[in-house]
Amino acid sequence: PLPIKHVSIHPDNDPDIIVMQLRDWIKTLAPNDSLLVLTDIVGSTPYNIVQGLEYASMELITGVNLAMLITIMNYPDLPLNDLAAKATAG
């Protein structure tokens, strides 16, 4: 199965602390791991937090919906770029 990390961001959270927590989590990934990040809206707090992250193999998809999630979960073996393309193709 595809490993998932869920991050909840609440109005009273400090975005800088969340960025630090995510950077620490990213350090635990294997060098060949890929990271697909899904957020709701361009310019939203989750989107802006992701902009503060750096990872060699990371794709960001905005406008996430249930159909995208189902597609992503059904193709866990696709390379990152292909998975992101398939998720956004509809």
Side-chain angles (χ1 to χ4, degrees):
L2 193 61
I4 297 174
K5 168 94 172 146
H6 171 266
V7 178
S8 294
I9 300 171
H10 302 279
D12 60 338
N13 291 141
D14 182 341
D16 293 330
I17 291 174
I18 295 173
V19 168
M20 287 188 308
Q21 292 170 339
L22 289 172
R23 285 180 180 157
D24 288 343
W25 174 75
I26 286 172
K27 290 176 188 174
T28 69
L29 298 176
N32 61 339
D33 284 347
S34 296
L35 184 58
L36 179 61
V37 180
L38 309 171
T39 68
D40 52 357
I41 302 169
V42 172
S44 65
T45 300
Y47 175 88
N48 292 334
I49 286 172
V50 172
Q51 297 304 305
L53 302 177
E54 294 179 16
Y55 190 68
S57 182
M58 181 172 80
E59 289 280 341
L60 170 62
I61 296 177
T62 59
V64 68
N65 58 51
L66 183 57
M68 286 180 183
L69 291 174
I70 291 170
T71 298
I72 290 165
M73 297 310 295
N74 279 310
Y75 295 95
D77 297 325
L78 282 181
L80 179 62
N81 292 343
D82 295 341
L83 183 59
K86 186 169 271 304
T88 57

Sequence neighbours left out, what passes side chain to side chain contact (heavy atoms under 4.5 Å, CB included) with Pro79? Give chain and number order. Asp82
Distance check, rounded to the nearest 0.5 Å: Leu83 atom CG versus Ile72 atom CD1? 5.5 Å
Which pair of heavy atoms, one from Asn81 and one from Glu59, lies closest together, and at what distance? OD1-OE2, 2.8 Å
Would you kindly confirm whether Leu29 and Leu78 end up in one hydrophobic cluster when ILVMFWY residues are joined by side chain heavy atoms under 4.5 Å apart? no
By side chain to side chain donor-acceptor pair (under 3.5 Å) - contacts of Ser57 (at least two apart): Ser34
Test item: Ile61 and Met68 side chains (from C-beta on) under 4.5 Å apart, heavy atoms: yes
Only pairs under 3.5 Å count here: list side-chain donor-acceptor contacts from residues 14-22, not counting sequence neighbours, and write none if there are none.
{"unit_1": "Asp14", "atom_1": "OD1", "unit_2": "Asp16", "atom_2": "N", "d": "2.9"}

Are Leu38 and Leu35 in one and the same hydrophobic cluster, where Ile, Leu, Val, Met, Phe, Trp and Tyr link if side-chain heavy atoms are under 4.5 Å apart? no
Applying the 4.5 Å side-chain criterion to the ILVMFWY set and letting contacts propagate, would Leu69 and Met58 be lumped into a single cluster? no
Applying side chain to side chain contact (heavy atoms under 4.5 Å, CB included), can you list everything that pairs with His6, at least two apart in sequence or on another chain? Ser8
Hydrophobic cluster membership, Tyr75 vs Leu80, 4.5 Å side-chain cutoff: yes
Could you list the residues that satisfy side chain to side chain contact (heavy atoms under 4.5 Å, CB included) with Met73, not counting sequence neighbours? Leu2, Ile4
Residue set satisfying side chain to side chain donor-acceptor pair (under 3.5 Å) with Asp40, at least two apart, ordered chain then number -> Ser44
What's in the same ILVMFWY side-chain cluster as Ile70, cut-off under 4.5 Å, chained through other members? Leu66
Side chain to side chain donor-acceptor pair (under 3.5 Å) partners of Thr39, counting only residues at least two apart: none
Backbone N or O of Asp33 within a donor-acceptor pair of the Tyr55 side chain at under 3.5 Å? yes
Please list, chain by chain and in numerical order, all residues satisfying side chain to side chain contact (heavy atoms under 4.5 Å, CB included) with Lys5, sequence neighbours excluded. Val7, Trp25
Transitively linked via ILVMFWY side-chain contacts under 4.5 Å: Leu36 with Leu60? no
